[in-house]
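Scroll down for the structure; my scribbles are underneath it.
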There are 2 protein chains.
Amino acid sequence: MTRSVATAEPMKAHRLYLLLREQILSGEVPDSAKLPSEPQLAQEHRVSRVTVRRALDKLASDGMIERRPGSGTFVSGGQTRMPVVADLANALTHLVEMGRKTGVRLIAFSYVNATPALAEELKLEPGERLQRSVRVRLIDGQPFSYLVTHVPERIGISYSEADLASTPLLELLERTGLVADKAQQIIGATLASPDVAAALDVEIGAALLSMTRVVYEASGRGIEHLQALYRPDRYSFHMELARTGDRGARRWTAADSRSLTEANENNNKKNAREKRPPLKRRTTHETGRDPSET
Amino acid sequence: MTRSVATAEPMKAHRLYLLLREQILSGEVPDSAKLPSEPQLAQEHRVSRVTVRRALDKLASDGMIERRPGSGTFVSGGQTRMPVVADLANALTHLVEMGRKTGVRLIAFSYVNATPALAEELKLEPGERLQRSVRVRLIDGQPFSYLVTHVPERIGISYSEADLASTPLLELLERTGLVADKAQQIIGATLASPDVAAALDVEIGAALLSMTRVVYEASGRGIEHLQALYRPDRYSFHMELARTGDRGARRWTAADSRSLTEANENNNKKNAREKRPPLKRRTTHETGRDPSET
DNA sequence: GAAATCTGTATCTTTTATAGGACAGATAGA
DNA sequence: TCTATCTGTCCTATAAAAGATACAGATTTC
């Protein structure tokens with residue numbers, strides 16, 4: 001229960017903007033292709049031309065489209081997102097090796113009581129003390145993931161706040177002698193709430209990839225609960241599958257992998273955004289701070 | 001370029017509604033817990049109480065919360081979503097075995113020219129003819145996925161429109177003697193555009209899980225391009241991971257799996273929604289139809 | 001060169017989401 | 001019982017998003 005709804009923007013226009021933006025970025029609308037005319041868009045989307053116009057204005061100021069009076073509106077070149085790093089199996093360990101600068105911002109750090117849901121997932125007693133931390137990961141200075149982790153207090157005290165801002169949590173855990181044995185991941189999707197929207201530098205209603213991961217040690221007790229939110233334009237899950245087995249019992253075997261997606265250079269144009277509301281962080285009793293990136 | 005933006009709803013209210021809904025459904029706010037008071041919510045989220053009220057009204061009409069004058073607003077019991085079926089590796093083949101009734105609705109069927117993006121992904125010539133089909137999968141009568149598939153024409157003609165409405169595409173392909181060799185999947189997130197929103201029976205701005213899959217035959221040529229959109233409350237990707245290897249070279253090995261999520265029964269209450277706009281399907285030149293479920 | 005179809009621009013109106021109060025009735029705790 | 005704190009209701013005011021319309025200038029097409 002910490003979040004806030006704000007922003008007063010032309011809504012229909014903004015929606016249309018997000019939609020078109022997506023279609024362009026995803027390559028659904030080819031580069032240099034001509035968009036439907038404003039009246040057409042207006043009709044198709046059941047809004048007035050003024051609204052369409054507002055959406056296109058935004059796209060134009062993002063440098064994503066080019067408007068040619070008399071002829072039409074066109075998609076600017078080089079818009080399609082391209083996956084860049086394919087990072088096998090786990091984490092971002094390889095990113096560094098690949099020469100990308102990653103960073104972490106510690107946003108919040110506190111100790112809380114386990115909610116029933118958390119306790120159940122971690123297989124702990126309800127109400128048990130947990131260390132809660134909120135971090136944002138950056139790649140080349142750009143935020144791409146928002147991580148909320150919960151770790152049993154007895155484990156959490158073995159490392160410092162500063163450690164969190166510089167070292168992957170799993171590594172910290174294993175340093176303390178704990179052995180991660182198995183884990184469970186669930187991947188879904190959510191809307192960006194205002195605080196994560198601010199942290200990830202996305203619009204408030206934007207779609208985010210979400211991953212919930214619970215790591216267990218051999219004894220079966222949970223040692224880490226991670227709730228991660230990713231910017232889908234900067235991070236996505238990739239997997240290569242191979243067809244194995246004979247007919248009748250054919251299967252796909254997965255070689256799971258994740259990958260970062262190259263941020264679109266064009267989007268940095270007008271992205272010195274106007275609206276960065278005076279959002280109040282740490283609404284509850286979190287002792288927050290913003291350590292420098294690593 | 002077929003989509004429409006519509007809907008005139010209280011926006012901030014709606015956003016707040018979605019947010020709270022999520023927090024409740026995800027168990028972030030425990031069952032039977034007391035929500036912050038209306039004035040509190042108003043302050044935290046920087047909106048007026050009227051707006052908070054509208055959001056809560058919606059939640060209440062969904063049966064998700066219970067309001068007790070004088071004391072507060074409480075989360076109704078049995079809200080947390082529970083995963084039900086864990087379907088290993090590929091597809092939904094196991095669902096049937098598990099006794100769930102699945103169905104397919106064929107929404108559109110046509111032949112189109114490959115866009116550059118499609119051609120590249122499928123490793124075909126740009127402009128090549130493709131069979132395009134749009135389907136919606138149902139589980140127990142409830143839509144959970146929206147599938148847009150593209151298949152090279154020469155392959156597509158080997159089965160009928162009716163086949164599509166009754167048989168999984170991959171099976172159809174392999175029936176024709178084609179051998180799927182490898183595939184690539186990318187999982188991300190998107191916003192629901194009006195047409196898919198209608199098809200999946202979700203709100204228009206809702207977050208959707210998206211998966212893009214390209215299947216190749218041994219020769220390396222693409223034989224299927226699938227763009228799938230999932231309702232995250234009904235479908236999500238699950239994976240169990242095991243920690244393998246010694247320290248220094250430890251890895252997570254994945255046993256990929258997906259799972260369906262039990263739909264929340266409470267939501268069927270007022271879900272005879274008012275607003276189901278007279279959306280026009282098949283905006284382009286698609287010959288559509290709505291075959292009965294299988 | 002005329003017609004059709006674009007985008008650019010400007011003005012005016014309608015609609016409505018949101019804010020901000022005031023107040024009654026219910027409930028819980030001191 | 002008194003007080004503080006809820007939700008339930010009703011009202012008005014304001015800001016602004018969205019719609020409607022008309023027209024100028026560019027471009028393409030025939």
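All chains are named by letter (A, B, ...) in the order of the sequence lines, taking the proteins before the strands, and each is independently numbered beginning at 1.
Atom pair B:Asp57:CG and D:dC10:P shows a separation of 12 Å (rounding to whole Å applied). Regarding B:His14, its NE2 atom lies at a distance of 18 Å from the C1' atom of D:dA17, rounded to whole Å. Straight-line distance from the CD atom of A:Glu66 to the P atom of C:dG8: 11 Å, rounded to whole Å. Atom CZ of A:Arg67 and atom C1' of C:dC6 are 11 Å apart (whole Å). Here D:dT14 presents its C1' atom at 13 Å from NZ of B:Lys12, a figure rounded to the nearest Å. Atom pair A:Phe74:CZ and C:dC6:P shows a separation of 11 Å (rounding to whole Å applied). Whole-Å rounding puts the B:Arg46 CZ to C:dA19 P distance at 12 Å. We find that CG of A:Leu16 is positioned 14 Å from C1' of D:dA17, with the value rounded to whole Å.
Applying the 6.0 Å contact sphere to CD of A:Glu128 captures more than 12 heavy atoms from other residues, nucleotides or ligands.
Residues A:Arg67 and A:Asp57 are paired through a salt bridge, judged by an N-O separation under 4.0 Å between the basic side chain and the carboxylate.
Because its NZ or CZ atom is both nearer than 6.0 Å to the ring centre of A:Phe74 and within 45° of the ring axis, A:Arg68 counts as a cation-pi partner of that residue.
Within the 4.5 Å cutoff, no side-chain heavy atoms of A:Val134 are placed close to those of A:Phe109.
With D:dA20, C:dG20, C:dC6 as the candidates, the nucleotide lying closest to the side chain of A:Ser37 is C:dC6. Of the candidate nucleotides D:dA18, C:dT18, C:dT7, C:dT7 has the atom nearest to the side chain of A:Glu38. Comparing D:dA20, C:dA19, D:dT7 by their closest approach to the side chain of A:Val50 singles out D:dA20.
For the pair B:Thr73 and D:dT7, the criterion of a side-chain N or O lying under 4.0 Å from OP1 or OP2 is met. OP1 or OP2 of D:dG8 has at least one side-chain nitrogen or oxygen of B:Arg53 nearer than 4.0 Å. Not one side-chain nitrogen or oxygen of A:Lys34 sits closer than 4.0 Å to the OP1 or OP2 atom of C:dC6. Contact annotation: B:Arg54 does not reach the phosphate of C:dA17 (side-chain N/O to OP1 or OP2, under 4.0 Å). OP1 and OP2 of C:dT18 both lie 4.0 Å or more from every side-chain N or O belonging to B:Ser48.
Side-chain atoms of B:Arg49 never come within 3.5 Å of backbone atoms of B:Leu41 as a donor-acceptor pair (strictly under, hydrogens ignored). Here the side chain of A:Arg231 pairs a donor or acceptor atom with the backbone of A:Leu200 at under 3.5 angstrom.
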How does each nucleotide of nucleotides 25-30 of chain C score, in 5' to 3' order, for protein heavy atoms under 4.0 Å: base (B), sugar-phosphate only (S), or none (-)?
BBB---

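Toward the 5' end of DNA chain C, the nearer of the two residues B:Arg49 and B:Val52, judged by each one's closest nucleotide, is B:Val52.
The distance from the CG atom of B:Leu209 to the OH atom of B:Tyr235 is 9.0 Å, given to the nearest 0.5 Å.
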